[in-house]
Structure formats: C-alpha cells, structure tokens
2 protein chains.
Amino acid sequence: MPRDEPLAADVPLVHLLRTAHTRLTRASAEALARHGVDAQDLALLTALADTAPLPQSGAAHHLGLDRTTLSALPDGLEDHGLVRRRRSPEDRRRNLIDLTPAGRECLRRAQDAHRAAETRFLAALDEDTAATLIRALRRLAAATPPH
Amino acid sequence: MPRDEPLAADVPLVHLLRTAHTRLTRASAEALARHGVDAQDLALLTALADTAPLPQSGAAHHLGLDRTTLSALPDGLEDHGLVRRRRSPEDRRRNLIDLTPAGRECLRRAQDAHRAAETRFLAALDEDTAATLIRALRRLAAATPPH
DNA sequence: TATTGTTATACTCTATAACTATA
DNA sequence: TATAGTTATAGAGTATAACAATA
C-alpha cells in the first residue's frame with residue numbers, strides 16, 4: 001500500500017475512495033492477522049466454501065489473479081492444514097483445492113473478524129447513509145466497464 | 001494497478017471500494033493522458049497552483065510521498081516546460097518548484113478533463129445519491145485514523 | 001496443439017540507505 | 001549535526017515467458 005495522508009478540504013472523489021479503501025483494508029488486515037490469514041487467504045477460503053473443490057485455475061479466475069500469482073497462495077494455507085490439494089482423477093493436469101475442517105473453522109472466524117472490522121469502519125455513518133453508500137458503490141460497479 | 005474483475009452478488013465493502021477506485025482512476029488516467037499528464041503530475045500541478053513556489057520536500061509532504069519518490073516527478077514536467085526549478089536564495093539546499101504559464105494552462109485543461117471523468121463516473125447515480133456518497137466518504141475519512 | 005501448474009524473470013511503485021551540498 | 005535533493009538498491013505485488021506433464 002502506498003501512503004495514507006490526512007485529507008485536505010477540497011478532495012477529489014478518487015482520493016476519497018482511495019482513503020476509504022486503504023483504511024478499511026488496514027483495519028481488516030489487522031483483524032485478520034490475529035487469525036493468521038490475510039485478505040487473499042480469506043478470499044480463497046471464501047471461494048472454496050462456495051464451490052470447493054476448485055482447480056487452481058478456477059480459483060485464480062475467481063480471485064481475479066493470474067494463475068502464476070495464485071500458485072503460491074495455497075502453499076501457506078496447506079502448511080497450516082486449512083486447505084488440501086490433490087490431483088483431479090478426471091484431468092490429471094488439474095490441482096483441486098479443498099477446505100479442511102480446520103479451514104472451515106478458520107474461515108468462519110476470519111469472516112467474523114472481517115465483518116466486525118467493516119462494522120466498526122461504518123460506525124461513523126448512520127444506518128441509512130451506510131446503506132446508501134453501499135448501494136451507490138454497487139450501482140457504480142455495475143455501470144462502469146471492468147476494463 | 002492489480003486487476004478489475006466483475007463483482008459477484010455478495011461483495012464485501014472493501015471490494016466495492018477498490019472497484020470504484022480502480023475504475024475512476026482508469027477513467028481519469030485516460031482523460032489526463034490526452035493532455036500528456038498522469039495523476040501524480042496533476043496532483044503536483046494542483047499543489048503548486050495553491051502554494052507555489054514550493055520546495056521539493058514540501059511538495060513531497062503535500063502529495064504524501066517520500067522525498068526520494070518525488071524527486072523524479074518534476075523532471076518530466078520540467079522537460080515539457082510546465083514547471084521550473086531554481087535554488088532558493090535563502091536556503092541553497094532547497095529546490096523551489098514553480099508553475100510556468102504553460103503549466104497553469106495545462107493544469108486548467110487537466111483539471112477539466114479529470115472533473116469530466118468524475119462526472120461521467122457518477123452519471124449512474126441520481127444527484128442526491130451522489131451527494132450522499134461523497135459526504136459519507138468524507139465522514140469516513142474524518143472518522144478513521146490515518147495510520 | 002492447448003491447458004495446468006510451476007518457476008524464473010521482469011516490471012511498477014514504493015521505501016530505505018548512502019552520498020553531496022548546504023545549513 | 002541535521003536537512004534537501006539525488007542516486008542506487010531493495011522490497012511488495014503483480015505480470016509475462018518458458019517449461020514439464022497431461023489432454
């Protein structure tokens with residue numbers, strides 16, 4: 001992450017967005033660190049909870065990463081017994097990643113920690129404003145081209 | 001910039017913020033490129049318009065960059081005749097950066113281009129929602145610690 | 001020929017360390 | 001001693017290229 005300065009009076013929207021993203025990312029990272037995972041770990045565990053077992057190529061696509069970038073991600077999780085890898089019997093090129101019971105438990109705790117950080121982050125807003133913020137961001141994501 | 005995937009149904013706030021930031025950044029960068037500058041150039045030109053002449057250390061602080069990172073930034077702008085550097089007479093360690101008339105003109109156009117990109121980005125929202133979004137982001141920035 | 005996973009390499013953006021010149 | 005600016009170097013985080021195994 002780059003830097004995170006206090007904001008001047010008239011700040012372009014792009015800086016407001018960066019500041020919000022940076023600060024929530026840091027708050028979440030601190031919360032997740034207590035459970036031994038980072039944001040990418042959580043993203044992978046979450047993807048696996050939905051659709052495991054998942055080949056690495058599928059996980060990479062799900063996380064929006066190159067398959068070469070994803071390659072190292074399961075290593076640490078496997079060392080900690082949170083995921084398992086095995087060759088697919090149908091297509092022996094594929095490495096299927098799956099959650100272990102410990103992985104499911106870690107995911108549950110990490111998700112709680114992340115949600116709590118998100119809630120604390122939004123605490124400065126009243127409920128209506130927070131809901132409007134999220135709806136607006138969703139709409140912007142839907143309305144602008146991914147690339 | 002990392003990646004920019006379409007968003008799934010239930011997306012954490014941090015991903016919504018990243019997506020919004022990524023897409024507005026790209027839209028702005030494309031608009032600025034037509035004027036031969038990037039976001040950092042614009043940030044420096046804007047800082048200079050307010051407070052020039054500014055020593056590089058001051059500009060670095062203003063932009064939230066290390067002075068070593070800022071060091072190369074004025075080079076390109078100087079080559080294009082948009083800023084000038086001169087030694088401070090009072091403290092000959094300081095390199096004062098100042099806008100040229102061409103720099104002021106470029107800044108005006110670049111700011112217009114950026115504002116237009118911002119307006120296009122927000123076009124998916126009605127006016128009230130856009131105003132609430134910006135107010136909410138400001139409040140979050142004010143309520144969360146910079147570091 | 002094409003795809004999966006791995007490794008080596010490169011690129012971008014940032015910071016830290018070391019230097020010169022000034023104070 | 002301390003600070004301003006520069007350069008060299010290192011570190012994250014990402015991608016591209018090349019490879020072996022498999023389809």
Spatial distance of atom CD (A/Q40) from atom CG (A/L32) [nearest 0.5 Å]: 12.0 Å

Atom-to-atom span, CZ of B/R67 to P of C/dT14 - whole angstrom: 17 Å

Are OP1 or OP2 of D/dT6 and a side-chain N or O of B/N95 less than 4.0 angstrom apart? yes

Below 4.0 Å: OP1/OP2 of C/dC13 and any side-chain N or O of B/Q40: no

Give a yes or no answer on whether the side chain of A/S71 reaches the backbone of A/R67 with a donor-acceptor pair at less than 3.5 Å. no

To the nearest Å, give me how far apart CG (A/L54) and C1' (C/dG5) are. 14 Å

Gap between atoms CG and P, on A/D66 and C/dT3 respectively (whole Å): 14 Å

Interatomic distance where NE2 belongs to A/H62 and P belongs to C/dT4 [whole Å]: 17 Å

Just how far, in rounded Å, is C1' of C/dT6 from CD1 of A/I97? 14 Å

Straight-line distance of A/L133 CG to A/T129 OG1, nearest 0.5 Å: 9.0 Å

Separation of C/dT4 C1' from A/E90 CD (nearest whole Å): 15 Å

Stepwise salt bridge (Lys or Arg N to Asp or Glu O under 4.0 Å) test for A/E118 and A/R115: CA-CA 5 Å; A/E118 210 174 78; A/R115 285 199 202 99; over 6 Å; no

Atom-pair distance (CZ on A/R92; C1' on C/dT4), nearest Å: 12 Å

How many angstroms lie between CG in B/L140 and CZ in A/F121, if you round to the nearest 0.5 Å? 4.5 Å

Considering only D/dT6, D/dA23, C/dT4, which nucleotide approaches the side chain of B/Q56 most closely? D/dT6

Once hydrogens and angles are ignored, does a donor-acceptor distance under 3.5 Å link the base of D/dT3 to the side chain of B/R93? yes

Categorize B/D91 for me: base, sugar-phosphate, or nothing, with a 4.0 angstrom heavy-atom threshold over every strand shown. sugar-phosphate

Nearest-Å distance for atom pair CG/P, residues B/L65 and D/dT6: 14 Å

B/Q56 and B/R85: side chain donor to acceptor below 3.5 Å: yes

Classify the side chain of B/T68 versus the base of C/dT16 as yes if they form a donor-acceptor pair under 3.5 Å and no if they do not. yes

With a 4.0 Å heavy-atom cut-off, tell me which residues in residues 69-85 of chain B come close to DNA chain D, sorted by residue number. B/S71, B/R85

Looking only at side-chain N and O atoms, does A/D91 offer a donor or acceptor that is under 3.5 Å from a partner on A/S88? no

